[in-house]
There are 2 protein chains.
Amino acid sequence: MDVKVSNSSNADPGSGARRRSDVTRDAILTAARERFAADGYERATIRAIAKDADIDPSMVMRYYGNKEGLFAAAVSIDLSMPDPAALPRHDVGRALVAHFLGMWEENEVLTALLRVGTTNQAGAERMQQVFREQLTPVAQKACPDPEQAPARAALAAAQLLGLALTRYVLRFPPTVALSREEIVAWLAPTLQRYLTAPSP
Amino acid sequence: MDVKVSNSSNADPGSGARRRSDVTRDAILTAARERFAADGYERATIRAIAKDADIDPSMVMRYYGNKEGLFAAAVSIDLSMPDPAALPRHDVGRALVAHFLGMWEENEVLTALLRVGTTNQAGAERMQQVFREQLTPVAQKACPDPEQAPARAALAAAQLLGLALTRYVLRFPPTVALSREEIVAWLAPTLQRYLTAPSP
DNA sequence: CTACGAAGTCAACACTTGTAGGCCAACAGA
DNA sequence: TCTGTTGGCCTACAAGTGTTGACTTCGTAG
């Protein structure tokens, strides 16, 4: 229950006291991310994760308290959205789609969160939080009326998540077959309209 | 193993020999649909479904063989797409969005399939099949080059499934707050473009 | 070197899961 | 009425789950 806060991601060797166990902790997190991404919450068992990380299942409990704690620690998302002010307003749609495609392909955490979000309440809330905190600000800068930002961000999220769902989770063959350039070309005008066009 | 084919959904009282157990079979299917929609595949246990249907878990096994058999029997989807020929080509986007919204709100099976598809291989394949067989023909009639129909249908599916995901599964508040009319107004042009516009 | 705390191992727990098989009651045709 | 079939319930099992606590090993400060 009294799990100590990990600072393993804080790569500051000066102030942060690195513990001897940090390598194990990271191995657990890496294995957890893979399993959650591949199997979803229920089928990613602590035993399987521990086996992947080549440690004892009880270590997972010791370091992360319980399965939910492990999930929370494993899935911390930073969409690293570009500074909205720096985005060209007339091309924000294209920039967003390209950015998201890159994020999604280099980072399995997003797939993990999407898989878990559909089955697990905590996962769904985490997903909400990520998009609210990280996508809405962009919408706020881009759209004509700031009050509409949440709705416009939600529309954009629907399009982006739908693409991720069909491409990286359900793996619809035609969607997988599309090149990144084609996807950008098709989706950019959609995002552009959701974010900047006047309300229909 | 030798599960007999249910004809409970075939409401032909003349030829189809109705069995005494059909009411139980239907109760099981109804409960299964609810549980799969609410909990996904893993967390929808046979015991819970049986309890909802007010029968013994072993009945589920007897009638549907195993859990996968139950899922297959419970989730049979008919999007009942309107005849593509009857659709006005210039307004196919609006018609599609409206149709899908109606389908999704009256039929929890779609939510069940979406939830299960993200965790379960069989679910993902079933989902693929549904969209391939039922959405692609519409795209074929609507789009300029029939060869592009799968890709265009996939783009439309991404947008529609993304909306369903954020509205009915993840329940993003801004998406839930949108009225059906607003959703149609926003998404119709997108679908229209994905299906009918020239390739970008 | 020694002692102490951290890191890691092992075995077990309480529980849930899908699934199997035996048993009894209700029905239908003779 | 008797008999074979169908519908239904109960108990049980083997496997797998998250989780716990006691034990051993290791690294290091004194």
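In what follows, every chain begins at residue 1, and chains take the letters A, B, ... in the order their sequences are listed.
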> Counting only heavy atoms not in Gln129(B), do more than 12 fall under 6.0 Å of its CD?
Replying inline: yes
> Does Thr24(A) put a side-chain nitrogen or oxygen below 4.0 Å from OP1 or OP2 of dG8(C)?
Replying inline: yes
> What's the CZ-P distance between Arg62(B) and dG22(C), to the nearest Å?
Replying inline: 12 Å
> Side chain of Arg19(B): nearest nucleotide among dG7(D), dG21(C), dG8(D)?
Replying inline: dG7(D)
Got a list of side-chain donor-acceptor pairs under 3.5 Å for residues 86-93 of chain A, not counting sequence neighbours?
none

> How would you list, by chain and number, every residue that makes a salt bridge (charged side-chain N to carboxylate O under 4.0 Å, His left out) with Arg43(B), sequence neighbours excluded?
Replying inline: Asp39(B)
>> Within the structure provided, determine whether Glu108(A) and Phe36(A) are in side-chain contact (heavy-atom separation under 4.5 Å).
In response: no
> To the nearest Å, how far apart are Tyr64(B) OH and dT19(C) C1'?
Replying inline: 17 Å
> In residues 42-57 of chain A, which residues come under 4.0 Å of DNA chain C by heavy atom?
Replying inline: Arg47(A), Asp56(A)
> Do the side-chain N and O atoms of Ser179(A) and Glu182(A) include a donor-acceptor pair separated by under 3.5 angstrom?
Replying inline: yes
>> Just by distance, no angles: are the side chains of Gln121(B) and Glu125(B) close enough, under 3.5 Å, to form a donor-acceptor pair?
In response: yes
> Thr118(B) versus Tyr41(B): any side-chain heavy-atom pair under 4.5 Å?
Replying inline: no
>> Nearest whole Å is fine: how far is dT16(C) P from Asp39(B) CG?
In response: 16 Å
> Between dT17(D) atom P and Glu68(A) atom CD, what is the distance in whole Å?
Replying inline: 18 Å
> How close or far is atom P of dG18(D) from atom CZ of Phe71(A), stated in whole angstroms?
Replying inline: 14 Å
>> From CD1 of Ile28(B) over to C1' of dG18(C), roughly how many Å is that when rounded to an integer?
In response: 15 Å
> Restricting to pairs with a member in residues 141-170 of chain B, which pass side chain to side chain donor-acceptor pair (under 3.5 Å), not counting sequence neighbours?
Replying inline: Tyr194(A)-Gln159(B), Glu105(B)-Arg167(B), Glu105(B)-Tyr168(B), Gln148(B)-Arg152(B), Gln148(B)-Ser199(B)
Using the 3.5 Å cut-off, write out each protein N or O paired with an N or O of nucleotides 25-30 of chain D and the distance between them.
none

> Tell me: CG of Asn66(A) to P of dT17(D), nearest whole Å?
Replying inline: 17 Å
> To the nearest Å, how far apart are Met59(B) CE and dC9(D) P?
Replying inline: 7 Å
> If you look only at pairs with a residue in residues 46-57 of chain A, which of them pass as a salt bridge (charged side-chain N to carboxylate O under 4.0 Å, His left out), with sequence neighbours excluded?
Replying inline: Arg35(A)-Asp52(A)
> Among dA20(C), dG18(C), dG8(C), which is the nearest nucleotide to the side chain of Lys67(B)?
Replying inline: dG18(C)
